[in-house]
Amino acid sequence: MPSRLTPSSTAAAPVLSASPALADFSARLIAWQRQHGRHDLPWQNTRDAYRIWLSEIMLQQTQVSTVIPYYARFLERFPDVAALAAAPLDDVMALWAGLGYYSRARNLHRCAQAVVELHGGAFPASVEALAELPGIGRSTAAAIASFAFGARATILDGNVKRVLARVFGVEGFPGEKRVENAMWTLAESLLPSNAGNAEVSAYTQGLMDLGATLCMRGKPDCERCPFAPDCVANVSGRQRQLPAARPRKAVPTRRTWMLVLCDGDAVMLEKRPPSGIWGGLWSLPEAADEAALAERAREFGGDGAVSPLAPLTHTFTHFKLDIEPRLAELDRAGGGSAVLGDAETVWVPLRNIDAYGVPAPVRKLLDGLQGSLI
DNA sequence: GAGGCGTGGGA
DNA sequence: TTCCCAAGCCT
């Protein structure tokens with residue numbers, strides 16, 4: 001239990017400005033978690049590695065309240081890893097639609113198949129083996145290993161980074177490699193020694209609970225925190241400065257034209273490439289400008305008329321997207337539904353959009369269409 | 001190893 | 001409105 005940690009690099013500025021003597025960090029955290037932590041989340045109170053894994057993947061960069069309904073739908077549809085592995089990827093994408101970061105869904109499916117084919121349908125118990133699986137990194141592997149198998153391994157997610165930065169006064173932006181490495185080392189050093197399964201689970205859950213329910217970014221509830229007397233941020237009044245904020249950068253704006261090609265109450269969707277934004281989802285055909293979109297409409301069998309719909313904007317983490325939707329009708333007299341090019345397309349009645357994995361803003365657009373147009 | 005990758009909600 | 005980013009991983 002280092003009461004004083006220093007960064008490995010001698011040239012770099014010190015990561016820690018101070019360090020409280022917290023030899024009993026884990027004991028205090030476990031005691032706090034048992035009395036004040038969360039115990040009734042849908043993925044708690046189980047040792048089923050499948051359920052724990054599913055929740056951890058969904059919770060990556062995603063808040064608890066957002067995950068809960070998705071988690072319930074997934075479990076109902078795919079009660080075990082074999083069911084998920086056997087399902088078509090398209091079905092997985094459809095259930096994931098709206099949750100974001102769609103590479104998680106593709107990796108989820110690949111991971112289920114790897115567990116079935118490489119591990120006989122049972123998740124491996126070690127952090128190292130877990131981290132070999134698609135979509136499972138160092139932190140998620142530790143979460144699964146500790147919750148499902150009682151492994152003594154530390155997580156390092158946004159909650160933990162915030163807690164460590166404040167309690168131990170870790171300087172620097174945690175997204176920076178040097179800072180993150182120091183936090184991994186610190187987190188490892190804080191693990192409870194000689195802990196049983198229950199203690200390990202309570203410790204890991206306690207890290208998350210403390211960050212999520214007390215040590216929040218905006219208004220940390222320091223008065224209820226078990227580490228308040230020793231917390232560098234609390235003692236020095238620097239809760240707002242720790243952890244250091246991400247360096248600012250301007251987000252670019254992109255513009256795209258989307259084709260709403262209708263045949264009665266059905267609309268044409270096009271499958272997006274497996275990687276990149278909205279990878280693997282079904283979306284509206286796009287073009288870089290108005291003329292190019294009109295050309296695509298003709299290729300798909302449109303009757304030549306293209307009318308504007310209300311534009312919308314969608315903000316991603318790293319850019320803003322202005323969407324210009326254009327409505328066109330299929331030319332039935334002209335032989336219609338010919339689809340040129342090699343893109344995979346499908347005609348879907350608006351009421352059946354749910355069966356396809358559609359990006360959130362496109363889904364919103366089509367929902368509005370169903371109410372106003374037909 | 002720096003940047004790509006969604007969405008919704010809070011301040 | 002605008003900014004920030006939440007139970008991170010992959011390339």
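Chain naming here is simple, since letters A, B, ... match the order of the sequence lines and numbering starts at 1 in each.
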_5′-ward residue of the pair A/I277/A/K177 relative to DNA chain B_ = A/K177

_Taking C/dC5 as the reference, what is the distance to B/dG4 when you measure between their C1' atoms (whole Å, please)?_
16 Å

*Contact class for A/V67 vs. all strands (heavy atom < 4.0 Å): base, sugar-phosphate, or nothing?*
nothing

_N or O in side chain of A/Y102 less than 4.0 angstrom from B/dT7 OP1/OP2_ = yes

*Scan A/L281 against the nucleic acid and name what it touches under 4.0 Å (heavy atoms): base, sugar-phosphate only, or nothing.*
nothing

*Taking only side-chain nitrogens and oxygens of A/H318, does any of them come within less than 4.0 Å of OP1 or OP2 of B/dC5?*
yes

_Ring centers of A/W347, A/F300 separated by less than 6.0 Å_ = no

*For A/T315 and for A/A141, locate the closest nucleotide of DNA chain C by heavy-atom distance; then report the residue assigned to the nucleotide nearer the 5' terminus.*
A/T315

_Does A/W96 reach a base, just sugar-phosphate, or nothing at all? Heavy atoms under 4.0 Å._
nothing

*Does a distance-only test, which skips hydrogens and angles, find a donor-acceptor pair under 3.5 Å between the side chain of A/R38 and the base of C/dA7?*
yes

_Span that lies between the P atom of C/dA7 and that of B/dC5, in whole angstrom_ = 23 Å

*asked:* Please confirm whether the ring centroid of A/Y71 lies under 6.0 Å from the ring centroid of A/F74.
replied: no

*Has the side chain of A/T62 got a donor or acceptor that lies under 3.5 Å from a partner of the other kind on the base of B/dG6?*
yes

*Minimum-distance nucleotide (side-chain atoms of A/T140 versus B/dT7, C/dG8, C/dA7)*: C/dG8

_Counting the atoms with a prime plus P, OP1 and OP2 as sugar-phosphate, which does A/G276 contact under 4.0 Å by heavy atoms, base, sugar-phosphate, or nothing?_
sugar-phosphate

*Using only side-chain N and O atoms of A/H314, determine if any of them is under 4.0 Å from OP1 or OP2 of B/dG6.*
no

*Can a side chain N or O of A/R162 be found less than 4.0 Å away from OP1 or OP2 on C/dA7?*
yes

*Could you tell me whether A/G98 contacts a base, only the sugar-phosphate backbone, or nothing, with contacts defined as non-hydrogen atoms closer than 4.0 Å?*
sugar-phosphate

*Ignoring the backbone of A/Q60, work out which of C/dA7, C/dG8, B/dT7 is nearest its side chain.*
C/dG8

*Provide the distance between the two P atoms, one in B/dG8 and one in C/dC9, to the nearest whole Å.*
23 Å

*Would A/R178 and A/N181 count as having a side-chain donor-acceptor pair, cut-off 3.5 Å?*
no

*Hey, does the side-chain of A/S139 have a donor or acceptor N/O within less than 3.5 Å of a partner on the base of C/dG8?*
no

*Distance test, side-chain N/O of A/Q63 to OP1/OP2 of C/dA6, below 4.0 Å*: no

